[in-house]
A.B. asks: 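There's a structure below that I have some questions on.
Chain letters run A, B, ... following the sequence lines, proteins first and then strands; every chain starts at 1.
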Amino acid sequence: MRIGIPGQAVAPAPPGVGWRAVIDPGHAVLGLLLLAILAVFVVWPIAAVLGAALVEPDGGVTLAHLARFFENPLYIESLANSLRAGAWVVAIGTVLALPLAFLVARYDFRGRTLVTTLSTLPLVLPPFVGAIALTQVFGRAGTLTLLVQDLFGIHVNLMDGLRGVIVAQALHFFPFIFLTVAAALMNVDRSLEEMGQTMGAHGWRLLRRVIFPLVLPAYAAGALLTFVKAVDDIGTPFILNVKNMLGPQAYLRITTVGRDDVDGYVICVVMVAISIACVGASNWIVARREYATLQTGARASGLPTRLVGWGAIGALSLCVLVLGASLLPHLAVIVMSFSRVWSLTYLPSAYTLGHYAEIFLRAPRFIVNTLTYSIAAALLGVVIAAATAYLLQRGRVPGKAVLDAVAMMPIALPGVVIGVGFLRVFYPMTLPGTETSLASTGAIFVLAYMVRRLPYALRASHAALHQVHGTLEDAAAVAGAPRTRAFRRVVLPLILGGVTAGGVLIFITSAVEFSTTITLVSRIEQSPLSYAIYIYSQSPLGRGAAAALGVVAIVIVAVGTYLANRLSGRSRMAFTL
Amino acid sequence: MIADTVRSLARLLLPGLLLIAVTVAPSPTFAQTQQVVVLTSFPKELFDAYKAGFERAHAGWRMEVVPKPTSAAITHVRERAARPDVDVFWASAVDAFIFLKSNNMLERYTLPADLRRGIPDQVAGFPVNDADGFFHGFAVSGYGIMWNRTYLTRYRLPAPKEWEDLIRPEYLGHLVISAPSRSGTTHLTVETILQGYGWQRGWELLLRMGGSMGAITERSFGVPEAVIAGQYGIGIVIDFFGLSAIASGQPVDFVYPSVTSIVPANVAIIRNAPNPEGARRFINYLLSDDGQRLLFRPEIARLPVRTALYREAPRGMPNPFTMKAGVQFNADLSASRYQVTNRMFDQIITFRHAELRRAWEAIYRAERAVEAARAAGRDMTETERMLTQARASASYVHVSERMAAEVSGVMERDAAYRSAKEREWGEVARASYVRAAQLAAAAEEAARRR
Amino acid sequence: MNVTAARTGGPSPLEVELRDLHRRFGDTAAVRDLTLTIGPGEFFTFLGPSGCGKTTTLRMIAGLLLPDAGEILFDGRPVTTTPPWRRDIGMVFQNYALWPHMTVFENVGFGLVERRVPRDELRRRVDDALRLVGLEGLEHRLPSQLSGGQQQRVALARAIVVRPRLLLLDEPLSNLDARLRVQMRAELVTLQRHLGITTIYVTHDQEEALMLSTRIAVLHQGRLVQLGTPRDLYEHPADVFVADFLGGANFLPGTVRGRTGDALVVALDAGNGVATAELHASASRHTEFEAGDRVTVCVRPEALELVPDRGPAGPNLLRGRLRLVNYLGAVMSSEVELPEGRVLRVQVVRPPTDMPLVEGAPVALRVAPEAVLLLRPPASP
């Protein structure tokens, strides 16, 4: 970092001008403030986790604990299970997503827009809620299982153990792949394809030699992110009672063995390593893929080929099949939330509104908590993200790269790890003047959610600010508006939509956050909706209420998604990170 | 200029910070004296009812709940022993309370005389309260069998009555139990069977049941859940799972076998609890008439320790204090071999479930083949002998009661010895079951051979 | 600080002084050693190719950028670190920087709101400003609903409505089409003369600079190359760069041979080092050269006269062949290739009629000694 006057001999400068040419004191204060916030809530917890796993009591770095991880058969199995589940989720997601993406991007047929809209619906259903419902569809006594058994005499339990985790996650995550690939396909310049055709490539060869290479990077990036999210998700294994995976093991070590158990932190380190590797690879691929989208000249935006007759019917039935499968969890959750008795029948044999009475009248606290935490996290996150984006784009301060890196760091941090880090750092601290630990106040959720989803808001703010040319602010300054007034009157109104969309993203993702939540939660009174769903699902008759809360979660996320898309003026893509 | 920046940032951050303040406010900080924090392994239906009842009965008092599985709850207490943040430990498993008591983490509490009156000292031979006053029983539970009527109809199965019924061949794959090492209540069930039928016969029974298990769940509530949903037909459960499911209208039934035991679920005060007054008030409420009546609620369906209340009991609710328990449960014996019982069950049943099930499946198949051959008038004596050997091999109990008593103490102290023993038991079990399956297969082949 | 002055009474034009201004970005010096004074009421232009430091200088004057070293003084008071909103200036940006979420009225009135001008007065002044730029009736449009020219006028109205003591214009015409550009140029001059505000203009377009400015500062690679009136600059460019940038010229290397009366005799280099022709330049104008000096001869295309290649050889007569003829009606521009291979651009207002003007025809070029400019050759070859 270079502060001060350039080395050449120059005329004596008025004092203070030299460094102020490079550093704006206002920006510097803002930057230090942001760095301080991020240092406490991002860097410190992660450093604590790494420290616990890799540093000896005497201060030396050690890999001994990490080595022990690879000697423990249970951990090896957990690692293998996590990786295997992630790979299967990507594989199944690919099979579901690719044909759909090709159809939607390449062909026009009746119902095409509907298909595009519906295909994002799995994203509004948190995977662990889906898991609850899917046992009623594909489980041992599930609707479809019984149907198949009665029709063909075959009994298949899809929701058994790891298989169930894979099914639930695949149905939830496949839209990530669908959206990235569909977007990439629509971006492929048709003229490239036509060029390929004129050079004699047809059909399969054209697909393989021209289109695949162009779409592959987008697919790879989407698949890697899906993999990371699948490994990160511990809600689904928990609901399905699968413990031999990395996330659940980390959680179990910390909660049942104790906060001083080194193994828990070592598992966290392994999870972070996987996550960083995938996010890094994905970013690298995205950066390299620029060539595919760079040639934006006059794009021959030829309309997609129109499908009619049998083609249209075939396309539509494929869509119905895929989307039907992915919308089953939604239906099942809704049916379950009204069911009183659902035992070995296709549909419930007795219905009730009691589950809704339970969650709205008897225990409304969960919904209130969720709204409070998520809104607070969104408000804080939006301000911090907007300020960070502003500094990164407009700031006259050194060290911007550090700020950027730290603020984006949580994207590669699994939720459990953030939770464990927060526990390690904040549990020993008490609220001033009391015996209450910081980690057992509701504020810990707000801060953890804010940190966890900050990258989303930061991206939204970046995009919004990018639209506001710097001279707009200069013009306001010249016209007599001091900097903060210029920001309020000119910049803020212009970025408000995009920034708010980022806030809504924080809100909806926080409202259904599970991994960090379960790690941090102690008192049921402070529990948000996601943990309450887990708690309800832990009593034999509680799944109805869990499903009702799941419906609430779906509504929150659906409304939020709609708002975010309206506000950001972009379609769907807001979701794909 | 700097002041400007800071001021406007502060103004923007204000709403978020205010909301944070709101989220902090309802936490106990600002009302230290007027609350009680309860650490419990009970399901939501139970602690919700008591939270509402307690707060109604003690105006101005708040009850906070920290729900954790028993093992995590013990860790919670242990980690915070120096500065506890919970007041009351509230759970089923007696073993957990004994552990906490022996580690000096519980506070002695003598119930007021008027509350003590009306609570018997023993239920079916089992002490209701800790003799030293460290923990107190507040509800009693027996163990039994729960089944799904729709399921039994669908698969044309008869309803069971006794533990021995569960070894019928037609139940193969339809039973469900949870692992005793994960569930304190299942451990008591297993111990009841071992004490009721004796060590050797008890294990043989458990092994034959084990062969018929469709699943061995990790969590005790997984059993009623599976039965209610119809994933499995018949489950071995603690009574309130069955009773509450019946009360909520699920198509299930529940029965206490004649060989059963009845044990209390407990409550205790944590040593150095931050709110000792609240803790006492909670226990007093729990044991009061009002508190005890809550147990009768259909979604809870547990049996109170206050005997006078059974006059008001809902229909179908048994009175354990008049019940003749088939087993005089010996808690000391249970505690002395706690490790061995659980580890043995894991090694020879939970972890070898696949081999065990294959063995019994083969045996039942062979039995049918032999039956058919005998009906066809063939002499099956030789084959029968092979089958008997197979059955013996598939229910081979490697560890005698005496051996169990001997190794129990060492196993608890010495991790290396423990894992060596565990490996030995697991290996022997696997070998026996594989041999059983081979014998049965050979018998079946012999029976089918013309 | 001058808000009060701006509100009450007409603003008095400002004198701007730059002292030893330095500014670098990373490793490149954008502006160095810039010292000059802009008089009150001047229309002063910074001219130079892109990257010469002119916009950087303007942004430093506006306060949008702080210099690494040096001082800026308004009427003798240092304002180097005064933030833009206290400098009492108006500025038009190259991209206009209209606020897209505000109507024309709000855009123009923005600065008045910041100066807490009462509502009535604000309305009146905005109306006045809009009338001045010819945009009455468009108050309620959004910028996106305006044409490029209209947007440019809004930006101008926004800059002058606060009655600034200094008006800064950053290539305001560069985004307009050619016809509009000419029209706006004329309006700009009229407006500036009418308001009498000290105006600093930044452009890379020499034509604009020549036409609009009272004085021009030519910047090159961050340095001030020449400062003067448009006529000074055109007729007496300080170096090859200025001469080339302003109007363009033919450059021929040569050597001063000596003095003949009032003429300085220069021998042009031939390709092989042998002098082929001699040019006489005005000796009184080029007192700094002595015999033996290397010079670059600069001849404007319009100073060359096409004559038939007949008569005897003599000084200030160059022979060659026509290479390219572009007949443009009023003028004819052509290129003449000299024997040693150099090509001269020639612009003739009235083409001679007594000779064939076909490509390849031998011609002679005549230049008056007053039109021969001698410059120091560029430092590096």
A.B. asks: Of Arg59(C), Arg158(C), Met91(C), which meets side chain to side chain contact (heavy atoms under 4.5 Å, CB included) against Val478(A)?
C.D. replies: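 Single side chain to side chain contact (heavy atoms under 4.5 Å, CB included) partner of Val478(A) among Arg59(C), Arg158(C), Met91(C): Met91(C).
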
A.B. asks: Is the closest side-chain heavy-atom distance between Asp474(A) and Pro84(C) below 4.5 Å?
C.D. replies: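 Contact flag for Asp474(A)/Pro84(C) side chains = no.
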
A.B. asks: How close do Gly480(A) and Arg115(C) get, heavy atom to heavy atom, and via which atoms?
C.D. replies: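 Scanning both residues completely, I find the closest heavy atoms to be CA-NH1, 4.0 Å.
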
A.B. asks: Tell me, for Ala486(A) versus chain C, whether the close heavy atoms (under 4.5 Å) come from the side chain, the backbone, both or neither.
C.D. replies: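 No part of it gets close to chain C.
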
A.B. asks: Please state whether the side chain, the backbone, both or neither of Phe93(C) comes within less than 4.5 Å of a heavy atom of chain A.
C.D. replies: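 Contact with chain A: side chain only.
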
A.B. asks: Could you look at Met60(C) and say if it's the side chain, the backbone, both or neither that has a heavy atom under 4.5 Å from chain A?
C.D. replies: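 Neither part, no heavy atoms under 4.5 Å.
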
A.B. asks: Which one wins on heavy-atom pair count under 4.5 Å against chain A: Val113(C), Leu168(C), Val92(C)?
C.D. replies: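 Looking at each of Val113(C), Leu168(C), Val92(C) in turn, Val113(C) comes out on top.
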
A.B. asks: When rounded to the nearest 0.5 angstrom, what is the spacing between CZ in Arg396(A) and CG in Leu65(C)?
C.D. replies: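 The CZ atom of Arg396(A) sits 7.0 Å away from the CG atom of Leu65(C).
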
A.B. asks: For a side chain to side chain contact (heavy atoms under 4.5 Å, CB included) check, start with the C-alpha distance between Trp85(C) and Arg485(A), then their side-chain angles and the critical distance, and finish with the verdict.
C.D. replies: CA-CA 10 Å; Trp85(C) 52 92; Arg485(A) 294 222 4 119; over 6 Å; no

A.B. asks: Between Pro100(C) and Leu472(A), what is the shortest heavy-atom contact and its length?
C.D. replies: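 Heavy-atom minimum between the residues: CD-CD1, 3.8 Å.
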
A.B. asks: Hey, does Thr471(A) have a side-chain heavy atom less than 4.5 Å from the side chain of Tyr96(C)?
C.D. replies: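 With C-beta onward as the side chain, the pair stays apart.
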
A.B. asks: Going by heavy atoms in the side chains, are Pro493(A) and Met102(C) under 4.5 Å from each other?
C.D. replies: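 When only atoms from C-beta onward are counted, Met102(C) and Pro493(A) do not touch, as no gap falls below 4.5 Å.
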
A.B. asks: Examine whether an atom of Leu21(C) lies under 4.5 Å from a heavy atom of chain A, and if so say whether it belongs to the side chain, the backbone or both; otherwise answer neither.
C.D. replies: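 Neither part; nothing is under 4.5 Å.
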
A.B. asks: Does Trp99(C) reach the side chain of Arg489(A), with side-chain heavy atoms less than 4.5 Å apart?
C.D. replies: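 When only atoms from C-beta onward are counted, Arg489(A) and Trp99(C) do not touch, as no gap falls below 4.5 Å.
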
